[in-house]
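Heavy atoms only: backbone and side chains are in, while hydrogens, waters and symmetry mates are out. Keep in mind that this is a model prediction, so the values were computed, not measured. The chains referred to below are lettered A, B, ... by the order of the sequence lines, with proteins before strands, and numbering in each begins at 1.
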2 protein chains.
Amino acid sequence: MALPVASGPSSTKDLILEVALKRFGDHGYAGTSLNDIADEVGIRRPSLLHHFPSKEALYRAVLFASFADWTLLVEQATAGTRQGWPQVERMLRAAFTFFEDHPEFVRLVRWEALEGGPILRDELSLLLRPLFDRGADFLEREMDAGRLRRYDARQLLLTGYGAVLSYLSDGQLMSGLLDLDPLSPAALAKRREHVIDVMRTAVAL
Amino acid sequence: MALPVASGPSSTKDLILEVALKRFGDHGYAGTSLNDIADEVGIRRPSLLHHFPSKEALYRAVLFASFADWTLLVEQATAGTRQGWPQVERMLRAAFTFFEDHPEFVRLVRWEALEGGPILRDELSLLLRPLFDRGADFLEREMDAGRLRRYDARQLLLTGYGAVLSYLSDGQLMSGLLDLDPLSPAALAKRREHVIDVMRTAVAL
DNA sequence: ACACGCATCTACCGACTGGTCGGTAGTACC
DNA sequence: GGTACTACCGACCAGTCGGTAGATGCGTGT
């Protein structure tokens, strides 16, 4: 009985998903061809289409698989009964760590948010909305209890979303504006602590 | 001598630029075909290629024209000698108004930041960097003078960038998470005041 | 030994891509 | 009345796209 290794996709299908996630994340849906993916997997395009019936089906599978990971992390990070700023910081740190470990996911989400195709509008929103509402409810509860400074809870969530994801998704732009590699561990740590610092000053009491 | 009307492109070339900006902003470089643009302009593709020698040349022209507008706005908003938070708020409001008026520009920048093609890396960064440095210098000066709370100035700029642009670029995602049209005047005003509110709390003294 | 099913292949399709070619109106200048 | 120029067009090019059809090989169960 072999140990399941985190980074070792055994089946061809898993390998396709892994490669597709990278390619879609790097170049978006329109900018990625099935040949690109198949070549990197080491098979021909028809073989790829044997595992997934169409390009859109593959893209959908990649998107939902990634999103499931994200949902799982949110569940873990929001378990427990912590309150006020400590819980906000806990969530921020968990999100940051997750995004650092899944940079392709961040970029995939950004492509999807930008393109705004039917998948996002009709299906992904339905999955995202509960998480968003839960976060907003938490913030509102804590604001009511006087443990956080009062803002519009939903707007605050979007501000955090933008502050964290923009940095991680816009790599080329960042490396043109900053002096060191924006995705290096040092730069990521700096970014993380800065966002937490700003948010703490803005919302903690 | 005719009055130059802001929204009236007289020549075919200007019309092409206008349509191309919209298409590239909506679907990105790879997701836009020259036929799409030519059809909307009302000419055939060869005629379009008579005005611009290639797709990339057209894209480049669109990008630099938009960027020139943005540079101009920054110049205007930073003229004068205002200090501390009032100047930060002034810049924030100017930027927000500009982005509201040029939604295609916001999305174009986001596509470019995400795709990270050679244009961004080799040329756009050179134009963006001075603006970025100037902003960072201003913030550092004001922090040194004790008129703003101390942060890493460059990180703070990036935080503002993400907070403002993410909302405006990710329209479909926002409309799935918020209840009213995220680009309606009411929603935009709400977003603007929220971002300013958070930033004021975070940096004003 | 044989049949079955899965994974993969080669070969091909129609649609579309960015780009080129030759040609044709209309117009301005000399 | 030439001549030259701009703006446009239809036809065509080679290449790529996503997707399909049919054959081959290979492992397994009977």
Side-chain angles (χ1 to χ4, degrees), chain A residues 1-2 8-65 108 111-112 114-120 123, chain B residues 2 8-65 108 111-112 114-120:
Chain A
M1 178 175 171
S10 47
S11 70
T12 301
K13 194 160 182 172
D14 288 345
L15 183 55
I16 292 173
L17 283 171
E18 189 182 79
V19 172
L21 171 58
K22 194 178 71 173
R23 300 299 258 206
F24 283 135
D26 279 348
H27 308 295
Y29 184 80
T32 301
S33 80
L34 294 184
N35 270 328
D36 294 340
I37 301 171
D39 284 354
E40 187 166 336
V41 172
I43 58 177
R44 304 280 150 224
R45 186 177 64 258
S47 309
L48 192 157
L49 287 166
H50 167 75
H51 295 277
F52 298 91
S54 71
K55 182 184 184 182
E56 188 186 325
L58 171 59
Y59 181 68
R60 194 184 297 264
V62 167
L63 206 56
F64 286 136
L108 193 70
W111 281 109
E112 186 59 26
L114 205 45
E115 178 74 55
I119 300 172
L120 169 64
E123 304 178 54
Chain B
S10 47
S11 70
T12 300
K13 194 161 183 172
D14 289 345
L15 184 55
I16 291 173
L17 283 170
E18 190 182 79
V19 171
L21 170 59
K22 193 178 71 175
R23 300 299 264 212
F24 283 135
D26 280 348
H27 307 295
Y29 184 82
T32 301
S33 81
L34 294 184
N35 271 330
D36 294 340
I37 300 172
D39 284 354
E40 187 167 336
V41 171
I43 58 177
R44 303 283 146 221
R45 187 175 65 257
S47 310
L48 192 157
L49 287 166
H50 165 76
H51 295 277
F52 298 90
S54 71
K55 183 184 183 183
E56 188 185 325
L58 171 58
Y59 181 69
R60 193 184 297 263
V62 167
L63 205 56
F64 286 137
L108 194 69
W111 281 108
E112 186 59 25
L114 205 45
E115 179 74 56
I119 300 171
L120 169 63

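For the ring pair (Phe, Tyr, Trp, His ring centres under 6.0 Å) test, residues two or more places apart in sequence or in another chain that qualify with B:Tyr59 are B:Phe24, B:Tyr29.
Of all heavy-atom pairs between B:Leu34 and B:Leu48, the closest is O-CD1, 3.8 Å.
The number of heavy atoms from other shown groups lying within 6.0 Å of NZ (B:Lys55) is above 12.
Within the 4.5 Å cutoff, side-chain heavy atoms of A:Leu15 are placed close to those of A:Glu18.
Note on residues 41-51 of chain B: pairs passing side-chain hydrogen bond (donor to acceptor under 3.5 Å, both in side chains), not counting sequence neighbours, are B:Asn35-B:Arg45.
At whole-Å resolution of the value, CD1 in B:Ile16 and C1' in D:dT6 are 13 Å apart. When rounded to the nearest whole Å, the span between CG of A:Asp39 and C1' of D:dC17 equals 14 Å. To the nearest angstrom, P of C:dC6 lies 12 Å from NZ of A:Lys13.
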Practice prompt. Indicate for each nucleotide in nucleotides 8-18 of chain C, in 5' to 3' sequence, whether protein heavy atoms under 4.0 Å reach the base (B), only the sugar-phosphate (S), or nothing (-).
Written response: BBBB-----SB
